[in-house]
Amino acid sequence: MTFDSAKFYNFLYTGYQKIHELFSDLSGQAYMKAYSGAALLLIVLNWVGSYAINVKSSEGSIIFLHYNVDFGANLIGEVKKVYIIPLLGLVVYLLDFALSARFYRRNKFISHILLSSGLIVNATLLISLYLIYLINFK
């Protein structure tokens with residue numbers, strides 16, 4: 001069995017065309033622009049908040065990463081671990097965006113639910129970063 005490069009390149013090109021067509025359809029939707037703009041704002045704020053926590057603490061220091069009213073500080077770690085929070089928010093939103101693009105043509109309601117859940121996750125992560133800042137520096 002030989003490798004047919006023409007079929008392979010044709011497969012890649014048609015896949016690229018289908019993806020480009022889908023995302024051009026999605027980018028024309030007003031709700032997609034609103035969700036993406038709000039998500040981008042929240043993701044950037046998450047990264048800025050993580051950077052602010054990193055700058056405020058000293059190099060190689062240990063900070064409280066989680067605080068519970070019943071047990072007190074129950075997760076302590078290096079300050080670099082705070083960057084997991086905005087990375088998680090970015091991954092969740094990209095996954096939600098990809099799934100909403102997949103379900104866009106079949107059911108627009110599912111697309112709305114997925115995109116709004118990505119916003120809710122990023123807003124919750126921003127609140128958690130603020131609480132980490134309050135626990136450690138106020």
Side-chain angles (χ1 to χ4, degrees):
M1 181 156 202
T2 62
F3 177 72
D4 190 6
S5 63
K7 286 184 180 179
F8 178 71
Y9 290 131
N10 185 30
F11 174 75
L12 288 179
Y13 184 70
T14 55
Y16 169 76
Q17 283 180 329
K18 287 180 182 179
I19 291 172
H20 186 268
E21 178 184 324
L22 176 67
F23 283 110
S24 64
D25 281 349
L26 286 175
S27 65
Q29 301 294 328
Y31 76 92
M32 186 62 76
K33 289 178 183 177
Y35 281 125
S36 296
L40 181 64
L41 176 69
L42 288 173
I43 290 169
V44 166
L45 287 174
N46 280 331
W47 283 105
V48 168
S50 295
Y51 180 74
I53 291 171
N54 189 21
V55 167
K56 185 100 175 177
S57 64
S58 61
E59 182 69 28
S61 65
I62 303 293
I63 63 171
F64 297 125
L65 296 171
H66 187 262
Y67 184 84
N68 191 342
V69 176
D70 295 330
F71 302 112
N74 57 0
L75 183 60
I76 301 171
E78 294 179 11
V79 71
K80 301 290 182 192
K81 288 187 179 181
V82 81
Y83 286 114
I84 293 173
I85 294 171
L87 183 63
L88 177 67
L90 180 64
V91 167
V92 165
Y93 190 75
L94 289 176
L95 181 65
D96 283 345
F97 186 81
L99 286 173
S100 71
R102 174 102 168 106
F103 290 115
Y104 168 71
R105 291 197 177 148
R106 286 189 228 149
N107 192 346
K108 290 182 178 47
F109 181 70
I110 293 175
S111 179
H112 282 281
I113 295 295
L114 287 167
L115 291 172
S116 62
S117 69
L119 285 177
I120 291 169
V121 166
N122 277 297
T124 305
L125 290 175
L126 185 63
I127 292 168
S128 71
L129 276 174
Y130 178 69
L131 294 175
I132 288 173
Y133 182 82
L134 284 179
I135 290 168
N136 289 294
F137 304 114
K138 293 287 179 181

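Just so you know, residue 1 is the first one in the sequence shown, and it goes up from there. The figures that follow rest on heavy atoms only: side chains count, while hydrogens, waters and symmetry mates do not.
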Margin query: Side chains of F103 and K108, heavy atoms from C-beta outward: is any pair under 4.5 Å?
Written below: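 Side-chain contact under 4.5 Å: no.
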
Check: Any side-chain heavy-atom pair from N122 and L126 closer than 4.5 angstrom?
Finding: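 A side-chain contact under 4.5 Å is absent here.
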
Report the distance from atom [atom1] of [X] to atom [atom2] of [Y], rounding to the nearest 0.5 Å.
| X | Y | atom1 | atom2 | answer |
| --- | --- | --- | --- | --- |
| L134 | L129 | CG | CG | 11.0 Å |
| L42 | I127 | CG | CD1 | 9.5 Å |
| N46 | T124 | CG | OG1 | 10.0 Å |
| L114 | F109 | CG | CZ | 10.5 Å |
| S111 | Y35 | OG | OH | 8.0 Å |

Please output the side-chain donor-acceptor pairs of residues 81-94 that fall under 3.5 Å, not counting sequence neighbours, one pair per line with the distance.
unit_1: Y83; atom_1: OH; unit_2: N54; atom_2: ND2; d: 3.0

Check: Can you hop from L40 to L125 via hydrophobic side chains spaced under 4.5 Å?
Finding: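 L40 does not cluster with L125.
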
Check: Would W47 and L41 show up in the same hydrophobic cluster when neighbours are defined by side-chain heavy atoms closer than 4.5 Å?
Finding: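 Linked, W47 and L41 end up in one cluster.
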
Next item on the list: Show the numbers, then the answer: is there a side chain to side chain contact (heavy atoms under 4.5 Å, CB included) between I110 and S100?
Entry: CA-CA 7 Å; I110 293 175; S100 71; over 6 Å; no

Check: With F137, which residues qualify under ring pair (Phe, Tyr, Trp, His ring centres under 6.0 Å), at least two apart?
Finding: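 By the ring pair (Phe, Tyr, Trp, His ring centres under 6.0 Å) rule, F137 matches Y133.
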
Checklist line | Non-hydrogen atoms of S57 and V79 that approach each other most closely | finding: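 Scanning both residues, the minimum pair turns out to be OG-CG2, 3.0 Å.
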
Notebook entry, point to check: Is D96 reaching over with its side chain to a backbone N or O of L115, donor-acceptor style, under 3.5 angstrom?
Noted result: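 Flag not set: sc D96 to bb L115 has no pair under 3.5 Å.
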
Next item on the list: Carefully, step by step, assess N136 and I53 under the rule side chain to side chain contact (heavy atoms under 4.5 Å, CB included).
Entry: CA-CA 9 Å; N136 289 294; I53 291 171; 5.6 Å; no

